[in-house]
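One structure below.
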There are 2 protein chains.
Amino acid sequence: MKGKAITIKDIAKLVGVSVSTVSRALKDHPDISLETRDAVKSVAMSMNYRPSQVAVSLRLKQSKVIGVLLPKIYSFFFPSVVNGIEEVVNEYGYHLMILQSNELYQKEINNTNILLANNVEGVLATVSRQTKDYSHFENILDAGIPMVFFDRVPDNVMADMVLIDDTEGAYKAVKHLIERGRRKIAICIGNPEMLISVNRLKGYKKALAEYKIPFNDEYLISAETPEHAATQTSRLLGLKQPPDSIFAISDLTMSGIVQEIYRRKLRVPEDVALIGFCETIFCKMYNPQLSSITPLGLEIGRQAARRLFLRIFSSNNHNIKPQTIFLNSRLEIRDST
Amino acid sequence: MKGKAITIKDIAKLVGVSVSTVSRALKDHPDISLETRDAVKSVAMSMNYRPSQVAVSLRLKQSKVIGVLLPKIYSFFFPSVVNGIEEVVNEYGYHLMILQSNELYQKEINNTNILLANNVEGVLATVSRQTKDYSHFENILDAGIPMVFFDRVPDNVMADMVLIDDTEGAYKAVKHLIERGRRKIAICIGNPEMLISVNRLKGYKKALAEYKIPFNDEYLISAETPEHAATQTSRLLGLKQPPDSIFAISDLTMSGIVQEIYRRKLRVPEDVALIGFCETIFCKMYNPQLSSITPLGLEIGRQAARRLFLRIFSSNNHNIKPQTIFLNSRLEIRDST
DNA sequence: ATCGTTACCGCAATCGATTGCGGTTAATAA
DNA sequence: TTATTAACCGCAATCGATTGCGGTAACGAT
C-alpha cells in the first residue's frame, strides 16, 4: 500500500462536509439532503473510492469473510465442495479464507487461531485425520462464531454437520454388485479409525448380511495412498479365492487399485467388477468408466454454507439446535459393473 | 463475535499498566522491564490472548494476506498451483484469499476490488478467458501492491509473469510422437485466441516443420469442454485420413478425446497414440496411462509466490524490473505413445 | 543540594469507518 | 416578534493495536 487509497476523509475535504456526512450520504441515510448525497456520491465515484473493508471489520465486526478449514485442497473431492461453498457465499456478498491443515493437528489449531484473528463471521470445517481433541473448535464457538462441519466431522461438538450418508451409500454400492451376481466382494477402506471408513464398512456389511453372504476379512484391505492400495490389491488378487469385485471408498485409492488391475491384464468388469465412491468427473476418466457412488461435493458445500448463513443472520444463533444433515449419495451405474 | 475476544486493553487492566506497555511488552521492546514483560506475557497467555489481525491491518497495513485470482478452483491444474503457493506463503506466515472469476470479466474486476478493500499485501493472478482489458489490474499496481501473474498472463502489464514455456512443451510432445513414427498428428487446442493455445500450436508447428511434415488444418481442432472435445474428435476420426495420434493441450479436453476413442473401440496407442499436457496424477488414471507434458503446477505456484515476496519485502519494489520466468515442462513418457 | 542520566512507562494520535447525540439554520406557527 | 420544530449536519467516541514523544522516579556524581 504505497499509493495510499482514498478514504472517506478525502471525499469529505473535497465536498466540504464532515466525514460523518459522507458516511451517511454513501448509505442513503435520510438525514442527509439529496443534493449533499448526490454531491458526495459523484465525488466518491470520480475518485474511485473503495470503502476499507478492514476498517468496517474492526468497527462493526463484519468482515464478510467465511473461514474454511480443509485437510488438503489438492484432492479430488474438496475443490468441488469449495465450489459449492463459493456459490452460496458469493450470493451473500461474502468470500472465503481457505486454510489447509495438510492433515496435521497442530496446523489445524493454528488455522483456527488465524481465522479468529481475522474476524471471520463463520467457519466451515473438515477435521484432519490426526485430530482427536476438538477443543480448538470450541474456541470458535465460544467466540460466538457459527460453525458447520462437513464430510469428516467431530463426534462431540455442538455444531451443525453436513455429511453424506456413508453407510447408506456403501450399502447401495455393494448391493448393486450383489445384484450383478458378484459374491466375492472386496472392500478397500482408508484409515480404519476414521468414521468414514467405519461407516462405509458398516454399509458393506449390511448389504452382505442382507444377502446372507458371510463376511470374509481377507477381503478387507485398508490403504491411504494409491501406491499402498496397489500393493494391497496385489495381495488380494493373489489369494486362492481372489475377489470378483472391489469396492473402493475413495478416489485416490481407487486409482491405485485400477493400476494394479491393469498391470495384471485383468478385464473390468469381466474378471473384476469395480465400484468407487468418487466424483463423477474422475470416474469418467477411467476405461471402462467406473460405476460409482458420487458424494456430491458440490451439494455438500452448498448445504453447509446455507446452514452457516442461517446462523449468521439469525439474532439468536445459540437457540438454534445443532442439526446433522445427511445427504444421499447417488448410485451412478457405468461400465465397470 | 458475541463472546467478545479479549484485547490488549483487558490485559492492561489486569496487569495494571497501560495499553502501550502491554503492546511493547508483548513484542519485547527494551523499554519495558523484564518483570513487566513477564507479567504481561503470562497474563496474556492465561487469558488466551490473540492479537486482532484486523486492527494491525488497519493500523500498519499489514494484513498478512495474499490475494489469489483464479478462473476456477475446480479444475485439474489450479489446485496444484495453489498448493505450491500455499507452501511458500505459509513459510512467511501469510495466508490466502482465493477468489474465482468463473472466467467472467466482470467478476474478475469485482474480485480485484475485494482484494484491494481487504488490504492484501500482494496478488497472484491468472486472467480469465473473457478478459481483454487489463486496467483493473493497474489499480492494484497503482496502489503499490506487488503482483505476479502466472499461467495465463496479460500481454501489456508491467508485472512479473511466471509461466511454462508452452511452445517448448508442445514442441517436445509432438517431436516425441514423430520419433515414435507418427506422421498424421492432430492437435486439440482451447480457445484459439488464448495465448496458451497460440503458443502450444506454435510448438506443434515447429516440430512438424523440423521434420518437414506439412501442416494439415483438418487436424487442428479446438474445444473448451470434454463434450465439445468428444464431438470434435469424432469428426477427426471420421476423416478419410484419420490421424494416427492426438496431442491435447488440456486435461479437460483430453478426457473428452479419450471418451470418444473408447467409444469407437480404438486401441491406444496402436490405432491412436495420445499425449497430453496435464498433471501427472490425472495422466495415471487413464488406461493406458497417458504420456504427457506436465506443467508442474506446484512449481509454478512456488515460483510465483517467491517472486511476489521478493517484492513485498523489498524497500524499492518499483525499482525491480518486471521479469518473465519461463518454466520448462517435463516430458513424461508412459504407455499411450 | 543540585544536576544529569538511565530506566521505565503513559498520553494521545493514528489507521478508516460508523453512529449517538447535540447543535445550527430556516421555516412555520402563535 | 418569539417560540417551536423540522431538516441537516458535525463532534467525538469507538473498534484494537502501534508508536513518537514526553514525563517520572531513582540513582549516582559533583
Side-chain angles (χ1 to χ4, degrees), chain A residues 1-41 43-44 47-64 113 116-121 143-144, chain B residues 1-41 43-44 47-64 113 116-121 143-144:
Chain A
M1 294 291 260
K2 203 165 60 183
K4 64 274 167 256
I6 75 120
T7 75
I8 214 176
K9 213 179 287 181
D10 303 318
I11 302 179
K13 206 167 296 170
L14 227 99
V15 180
V17 293
S18 74
V19 293
S20 15
T21 300
V22 174
S23 173
R24 282 190 260 252
L26 288 175
K27 38 186 34 110
D28 288 316
H29 192 290
D31 264 12
I32 308 300
S33 72
L34 232 99
E35 341 170 48
T36 313
R37 263 189 261 180
D38 289 344
V40 167
K41 282 184 185 173
V43 169
M47 295 184 81
N48 193 20
Y49 167 72
R50 249 184 312 270
S52 161
Q53 181 59 59
V54 175
V56 174
S57 179
L58 179 60
R59 178 69 227 263
L60 269 11
K61 264 113 198 65
Q62 290 173 358
S63 60
K64 298 278 182 199
N113 285 333
L116 246 13
N118 280 278
N119 271 3
V120 296
E121 294 185 53
Chain B
M1 294 291 260
K2 203 166 59 184
K4 65 271 168 261
I6 76 121
T7 76
I8 214 175
K9 214 180 286 181
D10 303 317
I11 302 179
K13 207 167 297 171
L14 228 100
V15 180
V17 293
S18 73
V19 293
S20 14
T21 299
V22 173
S23 173
R24 282 191 261 252
L26 287 175
K27 37 187 34 108
D28 288 315
H29 192 289
D31 264 13
I32 309 300
S33 71
L34 232 94
E35 341 169 49
T36 312
R37 264 189 260 180
D38 290 344
V40 168
K41 282 184 187 173
V43 169
M47 296 185 79
N48 193 17
Y49 167 71
R50 250 183 312 271
S52 161
Q53 181 60 58
V54 176
V56 174
S57 181
L58 179 59
R59 177 69 227 262
L60 268 12
K61 264 112 197 66
Q62 289 172 359
S63 61
K64 297 279 182 198
N113 285 332
L116 245 15
N118 280 279
N119 271 1
V120 296
E121 295 186 53

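Note that the structure is predicted; figures quoted are calculated from it, not measured.
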**Report entry** Between P of D/dC15 and CD of A/Gln53, the distance in whole Å
**Finding:** 19 Å
Report task. Please determine, for the side chain of A/Val19, which listed nucleotide (C/dT18, C/dG16, D/dG10) has the closest atom? Result -> C/dT18
Query raised in the report: Nearest-Å distance, NZ (B/Lys13) to P (D/dA17)?
Result: 13 Å
Query raised in the report: Can you find a donor-acceptor pair, distance only, under 3.5 Å between A/Asp31 side chain and D/dC9 base?
Result: yes
Query raised in the report: Can you check whether B/Asn48 reaches B/Ile6 side chain to side chain, under 4.5 Å on heavy atoms?
Result: no
Query - Separation of atom CZ in B/Arg37 from atom P in C/dA7, rounded to whole Å - result: 12 Å
Query raised in the report: Can you check whether A/Ser23 has a side-chain N or O nearer than 4.0 Å to OP1 or OP2 of C/dT18?
Result: yes
Report summary line: With the side chain defined as heavy atoms from C-beta on, A/Lys61 is closest, among C/dG10, C/dA17, D/dC15, to D/dC15
**Report entry** Atom-pair distance (NE2 on B/His29; C1' on D/dA17), nearest Å
**Finding:** 14 Å
Requested in this report: Starting at atom CG of A/Leu60, determine the distance to atom C1' of C/dT18, rounded to an integer number of angstrom.
Outcome: 6 Å
Report task. Round to a whole Å and report the spacing from CD1 of B/Ile32 to P of D/dT19. Result -> 13 Å
**Report entry** side chain to side chain contact (heavy atoms under 4.5 Å, CB included) between A/Lys41 and A/Asp28, worked out
**Finding:** CA-CA 10 Å; A/Lys41 282 184 185 173; A/Asp28 288 316; 2.7 Å; yes
Requested in this report: Starting at CG of A/Asn119, measure out to CD of A/Gln62 and round the result to the nearest 0.5 Å.
Outcome: 10.5 Å
Requested in this report: From the options D/dA17, C/dG16, C/dT18, select the nucleotide whose nearest atom is closest to the side chain of A/Val56.
Outcome: C/dT18
Query raised in the report: Which listed nucleotide (C/dT19, D/dA17, C/dG10) is nearest to the side chain of B/Thr21?
Result: C/dG10
Query - Sugar-phosphate, base or nothing in reach of A/Val22, heavy atoms under 4.0 Å - result: nothing
Query - Short side-chain N/O contact from A/Ser33 to OP1 or OP2 of D/dC9, under 4.0 Å - result: yes
Query - Side chain B/Ser20 and base C/dC11 donor-acceptor under 3.5 Å - result: yes
Query raised in the report: Is the shortest side-chain N/O distance from A/Thr36 to OP1 or OP2 of D/dC8 below 4.0 Å?
Result: no
Requested in this report: Report yes if a donor N or O on one partner sits less than 3.5 Å from an acceptor N or O on the other, where the partners are the side chain of B/Arg24 and the base of C/dG10; otherwise report no.
Outcome: yes
Query raised in the report: Does a distance-only test, which skips hydrogens and angles, find a donor-acceptor pair under 3.5 Å between the side chain of B/Ser57 and the base of C/dC15?
Result: no
Query raised in the report: Is the distance from OP1 or OP2 of D/dA17 to the nearest side-chain N or O of B/Lys9 less than 4.0 Å?
Result: no
**Report entry** N/O (side chain, B/Ser18) to phosphate O (OP1/OP2, C/dG10) under 4.0 Å
**Finding:** yes
Query raised in the report: Looking across every strand, which nucleic acid part, if any, lies under 4.0 Å from B/Val54 by heavy atom: base, sugar-phosphate, or nothing?
Result: nothing
**Report entry** Euclidean distance, atom CG of residue B/Leu58 to atom P of D/dC15 [Å, nearest integer]
**Finding:** 14 Å
Query raised in the report: Under a 4.5 Å cut-off applied to non-hydrogen side-chain atoms, are B/Lys27 and B/Ile32 in contact?
Result: no
Query raised in the report: Short question: side chain of A/Glu121, backbone of A/Ser63 - any donor-acceptor pair under 3.5 Å?
Result: yes
Query raised in the report: Tell me: CD of A/Glu35 to P of D/dA7, nearest whole Å?
Result: 15 Å
Report task. Please tell me if the side chains of A/Val15 and A/Val22 come closer than 4.5 Å, counting only heavy atoms from C-beta onward. Result -> no
